[in-house]
J.: 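Sharing a structure below in structure tokens format, with a few things to ask.
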Protein chains: 2
Amino acid sequence: MYAHTYALIPWCGMRDSQTSRPPRAIDVAAAAGVSTATVSRAFNAPEKVLPEVRDKIFAVAAELGWLPNAAGAALASRRTWLAGVLIPTLDHDVFAAQVNALQAHLSASGITVLIGCSNYDLDEATEQVRVMLARGIEALAIVGEQQRPELFEMISARGVPYVVMYSHPPKSVHPCVGFDNQAAFFKLTRYLLDLGHRTFAVIHQPSLDNDRVLARLAGIREALAGEGLALRPQHIFEGQATFEFGRESLKTCLAGPGPRPTAVICGNDTLAIGALIEARAMGIDVPGTLSVTGFDDLPIAEFTAPPLTTMRVDNAAIGKAAAGYLLTQLKRQAATPQPPFEAQLIVRGSTGPVGA
Amino acid sequence: MYAHTYALIPWCGMRDSQTSRPPRAIDVAAAAGVSTATVSRAFNAPEKVLPEVRDKIFAVAAELGWLPNAAGAALASRRTWLAGVLIPTLDHDVFAAQVNALQAHLSASGITVLIGCSNYDLDEATEQVRVMLARGIEALAIVGEQQRPELFEMISARGVPYVVMYSHPPKSVHPCVGFDNQAAFFKLTRYLLDLGHRTFAVIHQPSLDNDRVLARLAGIREALAGEGLALRPQHIFEGQATFEFGRESLKTCLAGPGPRPTAVICGNDTLAIGALIEARAMGIDVPGTLSVTGFDDLPIAEFTAPPLTTMRVDNAAIGKAAAGYLLTQLKRQAATPQPPFEAQLIVRGSTGPVGA
DNA sequence: CCCCGTCATGTATGCGCTTACATGCCGTCT
DNA sequence: AGACGGCATGTAAGCGCATACATGACGGGG
């Protein structure tokens, strides 16, 4: 398809032969009649090269299709221009949005982002960080501060600046860019308490090794304890964050013995929507006899029946702020500790006064 | 927090002094009483090293916290173990799922994945690929085959194996792993035609530089043409893939002059759900007086009111297959051209016979 | 008119690792 | 017994680039 254009690139035609290799700086230098030092300067410190020479070098480089070999550059300059981000999975809007923003911001500064997915496994997380460090990342953003000690040891040992993204507990030993999960769920629960609710159910994600989920549960319990209340074990449901698990949990919950909850707090919007779906299927009036809350404010939350009361966090802003923090760290400037982001309560139609 | 453990790592305490640097292979070699060649072999070809020597080296390496410097390794071995993937944005379930699967699969083979986001901009796409090539990627997956010629020239010139992901038009000049967008929408439209629909509206994503969207429109037109039908300009809506655009497009459409469409084909589920929301708001009976279709089969599609008729593509399978293809290419094995994936029609409640 | 500073460029070293080749040891076959 | 082959390891040469330092040209001031 583009065969005709290959001819423009001298060494292209040879790409089938084993001798073919990408051009090097020395090839560009030879073709431009300068030394490799000047080629290097033309790209890395253009002001140090005479404009005419520089243009000649650029022209030759373009003609040869030369791209500076990053491995060579990294070795010689001791700079990789690489940063890493460790997340549980890309397959989740929240993390994808954060990574997207982080990458966009770092990329604008010429930094390439390596993405490591732990799949919610601490050992895999540690391994991913090991690989990233071997690749020479100069900064690292980590989702969640619950990690193996070795992970923090490795990055501290190498003096790599890092930041914990998404979480931001009040007394973290780590630099954080995020919000306080516990405070957010405290606020949410307080809101429901103020509506008169006294019996609660909770449907949440797997809490193993997950400080965000644990903090959320703590926030709920803290608010309840303030009123002398507690969660009944039969009202707590832990499982995968799917519509299905939200549905079956609500079903089980309402079929159970003892006092029926008047409010269901869900670990995220997906679970809440599942609960909403089941409530509709069972003919339960939401919010008349049951209030339901979510977390994340997915775009769909506004359009469920009834619209979902939830909490919103600006994930793109978190990603951008994390990038900004790392960037100032890389410049060896003072690390300005960010105040936590605020999770915003979005009251919609899925919550109401108890017994309304 | 982990200060007590730092003491276990000899050079940690010095990380504040400017002289501190990560250990090198030669440090490990010295501490283990061998040469750097043996250290290298212990990690890259363990069977060539006596078990006792190997264990000693591993122990010393762990103690020193040594990680092989990837830049040095890449330079010497001419292997970077890097692959790239070019996508429009991570902020979209479909691409995130594909990348997640691709990365999981390649990572299992020791390959690190570089992710480049084009933000639907051809120049940015080209630039991202340029950066990836400079970093030494040995393989590349690209979403969408509509790219600047320079992009394909660059990768061909370097002999980097690549694969187009997601799309799979019948006569592509590129190796593809994906499905035939045109055929999928042909099938979908055919289904609606068989239900008796004759007047159609289309609400779709921006088509500029987007071969997937263009192919989908072509599929619709092809099916209609088979019945001597065509789309009226006032029934075509192009805009961002949001609920909001789906809503306002349906509203505008139904308020417009001329014959009212009995079926609305949406470019994806988000637009379709927007249309569904608007239809409910307007009190329009779906599917009684209006059929609505989506594409992607988002998890929520099953639970809309009415449940959404849509098409499903296994994005994780595409990512995995793309990784598999690149892996065999890297082994210089025969490239087995994959047959296209099939987009599966999922008939639910949002479509029905015309005028039912 | 000479000296020295400035600027543009060249020279040459080494970043940390892999690997072809060299070395030396030991066991085995003739 | 001698030769030879195989094996474990060492030696040393780069991989492609950036950069400290050297060089040389040029110009201005004393």
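Lettering of chains follows the sequences in order, A, B, ..., and the numbering in each one begins at 1.
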J.: Take a 6.0 Å sphere around CD1 of Ile26(B) and say whether it holds more than 12 heavy atoms from other residues, nucleotides or ligands.
T.: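 Result for CD1/Ile26(B): open.
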
J.: When you measure from the side chain of Gln103(A) to the backbone N and O of Ile115(B), does any donor-acceptor pair fall under 3.5 Å?
T.: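 Flag set: sc Gln103(A) to bb Ile115(B) pair under 3.5 Å.
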
J.: Roughly, in whole Å, what's the span from CZ in Arg24(A) to P in dA18(D)?
T.: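 Atom CZ in Arg24(A) sits about 14 Å away from atom P in dA18(D).
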
J.: How long is the line joining CG of Asn44(B) and P of dG16(C), in whole Å?
T.: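 Atom-to-atom, Asn44(B) to dG16(C), this comes out as 17 Å.
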
J.: Just to verify, what does Ser40(A) make a side-chain hydrogen bond (donor to acceptor under 3.5 Å, both in side chains) with, not counting sequence neighbours?
T.: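 For Ser40(A) the side-chain hydrogen bond (donor to acceptor under 3.5 Å, both in side chains) partners, ignoring immediate neighbours, are Asn44(A).
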
J.: Please enumerate all protein N or O atoms sitting under 3.5 Å from an N or O of nucleotides 9-13 of chain D, with distances to 0.1 Å.
T.:
residue	atom	partner	partner atom	Å
dT9(D)	OP2	Leu50(B)	N	3.0
dG10(D)	OP2	Ser35(B)	N	2.9
dG10(D)	OP2	Ser35(B)	OG	2.9
dG10(D)	OP2	Thr38(B)	OG1	2.5
dG10(D)	N7	Arg41(B)	NH2	2.9
dG10(D)	O6	Arg41(B)	NH1	3.3

J.: For Tyr162(B) and Phe152(B), take the angle between the two ring planes, folded into 0 to 90°, and tell me which bin it lands in: parallel under 30, tilted 30 to 60, perpendicular over 60.
T.: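 Tilted, since the angle between the ring planes falls between 30° and 60°.
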
J.: Expressed as a whole number of angstroms, how long is the span from Asn69(A):CG to dG14(D):P?
T.: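 About 18 Å, once rounded to whole Å.
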
J.: What is the distance, to the nearest angstrom, from the CD1 atom on Ile26(A) to the P atom on dT11(C)?
T.: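 Those two atoms, CD1 and P, are 11 Å apart.
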
J.: Within the sub-3.5 Å range, which N or O atoms of nucleotides 4-6 of chain D have a protein N or O partner, and how far apart are they?
T.:
none

J.: Assuming nearest nucleotide by heavy-atom distance, tell me which of Ala76(B) and Glu47(B) is located more 5' along DNA chain D.
T.: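 Its nearest nucleotide lies further toward 5', so the answer is Glu47(B).
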
J.: Using atom types as modelled and distance alone, determine if a side-chain donor or acceptor of Thr328(B) lies under 3.5 Å from a backbone N or O of Tyr325(B).
T.: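 Flag set: sc Thr328(B) to bb Tyr325(B) pair under 3.5 Å.
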
J.: Thr89(A): which residues meet the side-chain hydrogen bond (donor to acceptor under 3.5 Å, both in side chains) condition with it, sequence neighbours left out?
T.: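 Per chain and number, Thr89(A) pairs via side-chain hydrogen bond (donor to acceptor under 3.5 Å, both in side chains) with Asn100(B).
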
J.: Taking only N and O in the side chain of Trp66(B), is any of them less than 4.0 Å away from OP1 or OP2 of dC17(C)?
T.: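 Yes, such a contact exists.
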
J.: Quick one: Arg78(B) CZ to dT18(C) C1', roughly how many Å, whole number?
T.: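 So the CZ-C1' distance, Arg78(B) to dT18(C), works out to 11 Å.
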
J.: Given ring pair (Phe, Tyr, Trp, His ring centres under 6.0 Å), test Phe58(B) with Trp66(B) step by step and report yes or no.
T.: CA-CA 10 Å; Phe58(B) 289 163; Trp66(B) 179 70; 9.9 Å; no

J.: Distance check needed: dC17(D) C1' versus Leu75(B) CG, whole Å only.
T.: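 Rounding to the nearest Å, CG of Leu75(B) and C1' of dC17(D) are 8 Å apart.
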
J.: Using only atom types and a distance under 3.5 Å, with no angle test, would you say the side chain of Asp55(B) pairs donor to acceptor with the backbone of Glu52(B)?
T.: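 Not at all, since once roles are kept as given, no pair shorter than 3.5 Å links the two residues.
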
J.: Test your reading of the model: is there a side-chain donor-acceptor pair from Arg54(A) to the backbone of Pro46(A), 3.5 Å cut-off?
T.: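 Confirmed, Arg54(A) side chain pairs with Pro46(A) backbone.
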
J.: What is the distance from CZ of Arg79(A) to C1' of dA18(D), rounded to the nearest Å?
T.: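 After rounding, the gap between these two atoms is 13 Å.
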
J.: In whole angstrom, what separates Ile57(A)'s CD1 from dA8(C)'s C1'?
T.: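 One finds 11 Å between C1' of dA8(C) and CD1 of Ile57(A), rounded.
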
J.: May I ask you to verify if any side-chain N or O of Ser77(A) is less than 4.0 angstrom from the OP1 or OP2 atom of dA18(D)?
T.: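 No, no such contact exists.
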
J.: For a quick check under 3.5 Å, do Gln128(B) and Ser118(B) share a side-chain donor-acceptor pair by atom type?
T.: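 No, Ser118(B) and Gln128(B) have no side-chain donor paired with an acceptor closer than 3.5 Å.
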
J.: Output the residues of residues 131-140 of chain B in contact with DNA chain D, where contact means a heavy atom of the residue under 4.0 Å from an atom of the strand; sort by number or write none.
T.: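 Contacts with DNA chain D under 4.0 Å: none.
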
J.: Excluding sequence neighbours, so at least two apart, what forms side-chain hydrogen bond (donor to acceptor under 3.5 Å, both in side chains) with Ser109(A)?
T.: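 Scan of Ser109(A) (side-chain hydrogen bond (donor to acceptor under 3.5 Å, both in side chains), adjacent residues dropped) gives none.
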
